[in-house]
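Every chain is numbered from 1 and lettered A, B, ... according to where its sequence line falls, protein lines coming before strand lines.
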Amino acid sequence: MQAVRGMHDTLPGDAPGWRRLEHTVQSVLRSYCYREIRFPIIEKTELFSRSIGAGTDIVNKEMYTFQDRNGEFLTLRPEGTAGCVRALIQHGLIHSGPQKVWYQGPMFRHERPQKGRQRQFHQVGAEAFGIESPDIDAELILVCARIWNALGINDVCLELNSLGSYSARQHYRNLLIEYLSDHRDQLDSDSVRRLETNPLRILDSKNPEMQTLISGAPSLLDSIDDESAEHFSVLRGLLDANSVDYEINPRLVRGLDYYNRTVFEWITDRLGAQGTICAGGRYDDLVAQVGGKPTPGVGFAMGLERILELMEPGQEEQDTDTPRFYQVMAGAEAVKSGSLLAERLRDEMPGLKLMLHCGGGSFKSQLRKADKSGAEYALILGDEEVAKNTVQIKPLRKDSGQYEVSRDKLVDEITRLMGE
RNA sequence: GUGAGUGUAGCUCAGUCAGGUAGAGCGCCGGAUUGUGGUUCCGGUGGUCGUGGGUUCGAGCCCCAUCACUCACCCCA
């Protein structure tokens, strides 16, 4: 039996790196007073097709959709924003003042796996609702920058663009279609297809033969409405004031239909073809589309697997699963007495990391396992020690010899060793 | 969805050129005087050669299909 394609296991050796990543991201978000929200992994299919957009690849080809026993169409969430918005509307939170929330968890897209792309992957997202002004756009970007800094990631850069209002975007879309249709003979086959589905994405084409055609196209930034231009300008001022480096990328369009005004991506060149580790933007029409009262929104999502690839393996976290003490026991009497002892130690020292040897075996093999475990000390309990009510403490990582401690003094002695 | 590359022991890989008994290192288990790990030495365990079919007297090797992984296109976190 094998795991389903594109779905990866996280093994004990990988878990500490994941924990460091998750704890770091969460502590930054919480320091900005974003509050955690959790919502189901499965939603009605309609929620995603309405919010993400009927013309997008995600909705058309990539969703894990099935019918439950009542015949209702359900989908494993391909992204988090839709479910987050639904939950906030359903519980009346979105209309009771501004909300800043974050969430975390697995997302599912049926794509061909490759580097930085799996079918089950994990995101942390943050969203802010009810705030129209660009100070919140700036804050979300600053949150990201602080997370990279906390994780020691420095080779990412920020790309920024504004799509303008929804109607300005439609207007530009028509301009672009007109321009591209006039040069239809110069379009490659992908772009001909995209002319119907998502013409703005043609601007992002990787085909070098398309570049002169693209550079001659009308610019999105030139055609956005005045209010959006002002919004963008204030945002840039805030980023400049905070010394956040960014690059304006007028071809940056997001794949999901719900974005307007600000869009941004954090990009690295260290991950092959999937260089985006975090992306987001504004979606002022989404809440209304999903059935709530019109409420502006802005947010981002980061791909944890991709970020993990950029993190240097941390020394400290590799030790977090390593026992500090390993208790070995020789003889049936010692096993019984040792079990009681270990439980008493756990009662009195909640932070103690003690591995109790299980599974028997010779004394020699038990000590070998104590060494392999990485523990600093072996606690040794044989019939003699049981009779004398003592324990032998054997340092495994330094040259000093083993010594005997009475059980009365054991907690004190272990506390002393842990403090070293 | 399209294209290319790769699947041999728990891991890293030889063996494929030229069809002829399945290999190495590491790991794991055990031993080297009684209840003492690591280093060393000795011994042992371990493989449906991804899976299924075909060609052949004979296939890890050649052919077909299929699955998985990797990378790229596409798309996106």
Side-chain angles (χ1 to χ4, degrees), chain A residues 1-8 11 13 52 55-63 77-81 104-125 144 156 188-191 193-194 197-198 201-202 204-207 252-256 264-268 271-281 299-310 326 328-331 334 357 359 361-386 392-399 401-402:
Chain A
M1 281 294 258
Q2 291 186 346
V4 176
R5 182 170 202 192
M7 314 254 173
H8 293 306
L11 301 177
I52 296 170
T56 61
D57 277 12
I58 292 181
V59 169
N60 287 327
K61 313 190 286 206
E62 298 175 0
M63 294 205 303
R77 62 184 185 194
E79 56 101 50
T81 302
Q104 170 181 40
M107 308 293 164
F108 303 84
R109 291 182 201 170
H110 191 106
E111 300 181 272
R112 191 85 168 247
Q114 70 177 75
K115 188 179 180 65
R117 191 169 78 182
Q118 37 274 140
R119 290 181 171 181
Q120 176 177 337
F121 60 102
H122 297 78
Q123 288 186 334
V124 168
C144 296
V156 288
D188 61 20
S189 56
D190 274 331
S191 298
R193 179 177 52 78
R194 281 185 286 213
T197 57
N198 192 349
R201 278 217 67 91
I202 297 176
D204 231 355
S205 172
K206 289 179 186 171
N207 187 347
L252 176 65
V253 296
R254 307 283 316 125
L256 285 54
F264 62 89
E265 282 190 18
W266 293 89
I267 295 173
T268 178
L271 293 182
Q274 312 298 329
T276 302
I277 61 168
C278 174
F300 65 73
M302 48 183 69
L304 298 188
E305 281 84 357
R306 292 181 185 177
I307 293 169
L308 211 55
E309 290 255 322
L310 295 180
Y326 193 106
V328 307
M329 292 141 293
H357 178 83
S362 69
F363 197 67
K364 188 189 190 70
S365 75
Q366 289 192 38
L367 265 180
R368 199 183 339 237
K369 277 161 185 153
D371 180 60
K372 287 236 162 69
S373 77
E376 283 170 72
Y377 299 94
L379 303 181
I380 300 172
L381 204 53
D383 290 336
E384 261 177 59
E385 285 77 16
V386 171
Q392 299 280 345
I393 298 182
K394 181 185 175 71
L396 298 170
R397 310 290 153 208
K398 47 188 185 187
D399 290 333
Q402 81 181 49

Checklist line | Proximity to the side chain of A/Leu367 - top-ranked nucleotide from B/G35, B/A72, B/G37 | finding: B/G37
Item checked: A/Glu385 (side chain) and B/G35 (base): donor-acceptor pair under 3.5 Å -> yes
Next item on the list: Flag the pair A/Arg109 / A/Lys61 as yes when at least one side-chain heavy-atom distance between them is below 4.5 Å, and no otherwise.
Entry: no
Check: Expressed in angstrom and rounded to an integer, what is the separation of A/Arg119 atom CZ from B/U70 atom P?
Finding: 11 Å
Check: Does A/Gln114 have a side-chain nitrogen or oxygen under 4.0 Å from the phosphate oxygens OP1 or OP2 of B/A72?
Finding: yes
Checklist line | Closest nucleotide among B/C75, B/C28, B/U36 to the A/Lys372 side chain | finding: B/C28
Next item on the list: Find the distance A/Leu396:CG to B/U36:C1' and express it as a whole number of Å.
Entry: 10 Å
Margin query: Among B/C75, B/G37, B/C73, which nucleotide has an atom closest to any side-chain atom of A/Lys394?
Written below: B/G37
Next item on the list: Searching all strands shown, indicate the nucleotide that pairs with B/G23 (Watson-Crick or G-U wobble; both distances under 3.5 Å).
Entry: B/C13
Notebook entry, point to check: Reckon A/Arg368 has a side-chain N or O less than 4.0 Å from the OP1 or OP2 of B/U36?
Noted result: no
Notebook entry, point to check: Rounding to the closest angstrom, what is the interatomic distance between B/G5 and B/C63 at atom P?
Noted result: 12 Å
Item checked: Base partner of B/C61, which must satisfy Watson-Crick or wobble distances under 3.5 Å -> none
Next item on the list: Can you tell me the distance, in whole Å, between the CG atom of A/Asp371 and the P atom of B/G37?
Entry: 10 Å
Check: Given the C1' atoms of B/C29 and B/U45, what is the spacing between them in whole Å?
Finding: 7 Å
Item checked: Nearest-angstrom distance, P atom, B/U48 to B/C11 -> 13 Å
Checklist line | For atom NZ of A/Lys115 and atom C1' of B/U6, their distance in whole Å | finding: 16 Å
Margin query: Output the rounded distance in Å from CG (A/Leu381) to P (B/U36).
Written below: 16 Å
Next item on the list: Would you mind telling me which of B/G37, B/A72, B/G35 lies closest to the side-chain atoms of A/Gln392?
Entry: B/G35
Next item on the list: Decide yes or no on side-chain hydrogen bond (donor to acceptor under 3.5 Å, both in side chains) for A/Glu385 and A/Gln392, but give the supporting numbers first.
Entry: CA-CA 8 Å; A/Glu385 285 77 16; A/Gln392 299 280 345; 3.3 Å; yes
Margin query: Give me the distance, rounded to whole Å, that separates B/G19 from B/G10 when you measure between the P atoms they each carry.
Written below: 29 Å
Notebook entry, point to check: Of all the nucleotides listed (B/C71, B/U2, B/C76), which has the minimum atom distance to the side chain of A/Arg112?
Noted result: B/U2
Item checked: Side-chain-base donor-acceptor pair under 3.5 Å for A/Arg117 and B/C74 -> yes
Margin query: Using Watson-Crick or G-U wobble geometry with both distances under 3.5 Å, which nucleotide pairs with B/G44?
Written below: B/C28
Next item on the list: Determine, stepwise, if the pair A/His8 / A/Gln120 fulfils side-chain hydrogen bond (donor to acceptor under 3.5 Å, both in side chains).
Entry: CA-CA 7 Å; A/His8 293 306; A/Gln120 176 177 337; over 6 Å; no
Checklist line | hbond_proxy A/Arg109 side chain to B/C76 base (donor-acceptor, 3.5 Å cutoff) | finding: no
Margin query: Pairing check on B/U70: which nucleotide meets the Watson-Crick or G-U wobble criteria with it, both distances under 3.5 Å?
Written below: B/A4
Next item on the list: May I ask you to evaluate whether A/Lys61 reaches the phosphate of B/G1, defined as a side-chain N or O under 4.0 Å from OP1 or OP2?
Entry: no
Next item on the list: Report yes if a donor N or O on one partner sits less than 3.5 Å from an acceptor N or O on the other, where the partners are the side chain of A/Arg194 and the base of B/C74; otherwise report no.
Entry: no
